[in-house]
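Taking it in order: structure first as structure tokens, then the write-up.
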Amino acid sequence: ANITKCRHLRGRRRVASLSRSHAPHRRANATQAPLRRFDEDRWWRYCLWATRAAGPTAVKLAQWASSREDRFPRAFCDRFAHLQDRAPAHAWRDTERALEASLGPDWRDVLDVDAAPVGTGCVAQVHSAVRGRVFFHRGRRDDDARDREPTTTPAQVLKKDVTNGGRRGDRVAVKVVHPAARRRVASDLDFLRACARAGEALIPRAKWFNLAAAADEFAATLGAQMDMRAEADNLERLRENFRNQSSVSFPAPRRALVSEDVLVEDFVEGPSMREYLKRDVDDARRKALARVGVDAVCKMIFHDNLLHGDLHPGNILVTRDATRDPAVCFLDAGICVELGAKEHVHLVRVLSALMRHDGDAAGRLLCKGMDGARALNNGFGTDEAWQRAQDSFCECMRDITSRSVEEEFFNKYSEYASRIFAEAEKCRVALEGFFVSTAVAIRVMEGVANALDPDVQIGQLALKWIASSPYVAAGLTRS
């Protein structure tokens with residue numbers, strides 16, 4: 001009871017804090033006149049500050065939105081793109097406390113960490129460090145560590161376990177969770193769940209979209225990103241999936257130094273994709289990078305069934321800029337989307353129908369859902385009304401596929417996905433969360449690819465991975 005009471009009190013304080021930070025926004029929007037008098041640069045600076053003050057959840061949403069120049073104003077994307085690698089940083093003393101708690105009091109024997117962060121995200125920040133610089137410890141030099149008695153702290157164990165920790169002199173990245181991130185995310189998610197429940201109670205149509213379940217799914221996803229051990233697991237799996245592809249890489253975690261709050265991994269050099277897009281680069285190199293990025297995402301979705309779930313230009317580094325052999329590195333793998341066999345088969349069946357230009361089949365599959373039949377008529381008064389809504393949705397799908405006969409479906413995926421989402425809302429077709437997550441990931445990568453090369457043939461690049469997917473045979477057989 002006391003725990004519940006504390007959570008409710010914490011939630012009320014969080015709502016009050018958000019209300020205060022957004023009060024100028026509400027006042028400025030009360031009339032158009034204040035906005036016209038408001039200095040534009042100051043206004044954007046305030047919007048950035050308010051988003052940062054709102055906490056990790058708001059920053060995460062703004063990061064995604066700023067990568068979609070085809071969906072949001074250019075002024076918004078240019079300014080909020082800074083959040084992709086310049087979210088609020090915590091103090092150096094907080095990093096020191098986290099390292100000591102995770103690695104023991106002698107962590108400086110193993111890591112020489114720069115105090116200034118090289119990048120900050122909404123959940124954690126990253127420092128540059130050098131592995132194994134010589135320090136004095138208990139009267140002994142670090143290079144005499146082999147003579148010490150066995151200890152239990154990770155830092156001391158690492159001196160004997162260079163396989164997991166790397167070699168001395170290695171440059172590494174040290175990722176540290178923000179000290180207040182878990183508490184603030186917990187408050188935000190409690191508030192989000194409450195809003196979802198209130199929306200379903202107050203808005204009749206809202207409950208047919210299962211807002212509470214969507215809030216729970218988002219909470220589980222964001223919660224997983226708060227554990228650096230889970231990110232290390234994801235990185236190792238992604239590295240294994242791409243071990244034979246030199247054009248795509250992921251940082252290697254140093255397992256001996258990974259804990260819930262700290263992740264030590266390879267330090268990767270290179271400009272972010274957001275920075276690279278602003279450079280004056282010849283078309284040949286841009287086209288080559290676009291193909292690499294799209295190819296990687298399609299492989300994750302259709303072949304590997306392990307998708308990086310936090311794609312935005314700030315999380316993609318250009319590590320090799322060359323016409324014939326470009327390379328990229330994907331960072332921040334705390335969120336990954338992995339489908340069960342049944343979910344993956346359903347996804348492949350829907351996308352395969354769309355690529356065959358069979359809009360009716362794709363529409364029926366989405367209406368029936370993964371289990372083949374909806375238990376409810378989605379709030380319509382009669383089964384006949386629900387059937388008419390399904391027919392309307394399938395008609396929209398047929399129109400989309402008829403327009404895409406002359407080109408691959410994926411070449412205008414963002415446009416088509418927006419129409420599908422809008423029609424689903426209108427007809428009360430509750431799309432599965434994994435379908436939406438996959439759609440968003442493809443849209444983000446499509447935005448990056450089109451910025452690099454407006455003529456990129458996404459459909460052709462996707463086709464080879466769809467054809468090679470171990471789930472395709474089962475999906476097509478059941479279509």
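Heavy-atom basis, side chains included; hydrogens, waters and symmetry copies ignored.
- In this structure the side chain of F76 never reaches within 4.5 angstrom of the side chain of C47, judged on heavy atoms.
- Between the side chain of T319 and the backbone N or O of G270, no donor-acceptor pair lies under 3.5 Å.
- A donor-acceptor contact shorter than 3.5 Å is absent between the side chain of R79 and the backbone of L48.
- In this structure, the side chain of R182 engages the main chain of M226 through a donor-acceptor pair within 3.5 Å.
- Remark: the D295 side chain and the W465 side chain contain an N/O donor-acceptor pair separated by less than 3.5 Å.
- Looking at R255 and D233, a side-chain N of the basic residue comes within less than 4.0 Å of a carboxylate O on the acidic one, giving a salt bridge.
- Considering all non-hydrogen atoms of both residues, R286 and L452 come closest at CB-O, 3.2 Å.
- Ion pair R237/E240 not flagged as a salt bridge, since none of the NZ, NE, NH1 or NH2 atoms sits closer than 4.0 Å to an Asp/Glu carboxylate oxygen.
- Annotation for R239 and P253: closest pair CD-CD, 4.4 Å, computed over non-hydrogen atoms.
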Requested in this report: Take K175 and D332, measure what side chain to side chain contact (heavy atoms under 4.5 Å, CB included) needs, and give me the verdict at the end.
Outcome: CA-CA 10 Å; K175 188 173 182 179; D332 283 349; 2.7 Å; yes
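- Classification of the W43-Y46 ring pair by plane angle, with boundaries at 30° and 60°, yields tilted.
- Residue L289 holds its CG atom at 10.5 Å from CG of D453, rounded to the nearest 0.5 Å.
- In this structure, the separation between OG on S249 and CG on L331 is 8.5 Å, given to the nearest 0.5 Å.
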Report task. Report the C-alpha distance between I301 and L347 in whole Å, list the side-chain angles of each, state the deciding distance to 0.1 Å, and finish with yes or no for side chain to side chain contact (heavy atoms under 4.5 Å, CB included). Result -> CA-CA 10 Å; I301 295 172; L347 175 67; 4.3 Å; yes
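- The minimum heavy-atom distance linking D94 with H90 is given by the pair CB-CD2, 3.7 Å.
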Query raised in the report: V262 and V174: side chain to side chain contact (heavy atoms under 4.5 Å, CB included), yes or no, with the steps?
Result: CA-CA 7 Å; V262 175; V174 180; 4.1 Å; yes
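- Across all non-hydrogen atoms, the minimal contact from H308 to N315 is CE1-ND2, 4.4 Å.
- Between S272 and L317 the shortest heavy-atom distance is CA-CD2, 3.7 Å.
- The structure places CZ of R131 at 8.5 Å from CZ of R254, a figure rounded to the nearest 0.5 Å.
- Taking CE from M228 and OG from S102, the interatomic distance works out to 10.5 Å, rounded to the nearest 0.5 Å.
- Sorted by first and then second residue, the ring-ring contact (aromatic ring centres under 6.0 Å, His included) pairs involving residues 234-257 (not counting sequence neighbours) are F242-F250, F250-F330.
- Residues satisfying the side chain to side chain contact (heavy atoms under 4.5 Å, CB included) test with A288, not counting sequence neighbours, are R291, P326.
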Report task. Please assess L103 against V110 for the test side chain to side chain contact (heavy atoms under 4.5 Å, CB included), listing each intermediate value before the final yes or no. Result -> CA-CA 10 Å; L103 307 178; V110 177; over 6 Å; no
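- Note that the CD atom of E260 and the CG atom of D227 stand 5.0 Å from one another [nearest 0.5 Å].
- For the pair R197 and R193, the minimum side-chain heavy-atom distance is below 4.5 Å.
- Between the side chain of D261 and the backbone N or O of V177 there is no donor-acceptor pair closer than 3.5 Å.
- Contact record, V448 with M273: CG1-CG, 3.6 Å, taken as the closest heavy-atom pair.
- Counting heavy atoms from C-beta outward, R108 and E96 have side chains that approach closer than 4.5 Å.
- A donor-acceptor contact shorter than 3.5 Å is absent between the side chain of D170 and the backbone of V172.
- The closest side-chain heavy-atom distance from H303 to N241 is not below 4.5 Å.
- Between V258 and E231 the shortest side-chain heavy-atom distance does not fall below 4.5 Å.
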Query raised in the report: Could you walk me through whether R97 and E100 pass the salt bridge (Lys or Arg N to Asp or Glu O under 4.0 Å) check?
Result: CA-CA 5 Å; R97 280 195 286 264; E100 181 171 348; over 6 Å; no
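- Rounded to the nearest 0.5 angstrom, L238 CG and M300 CE are separated by 6.0 Å.
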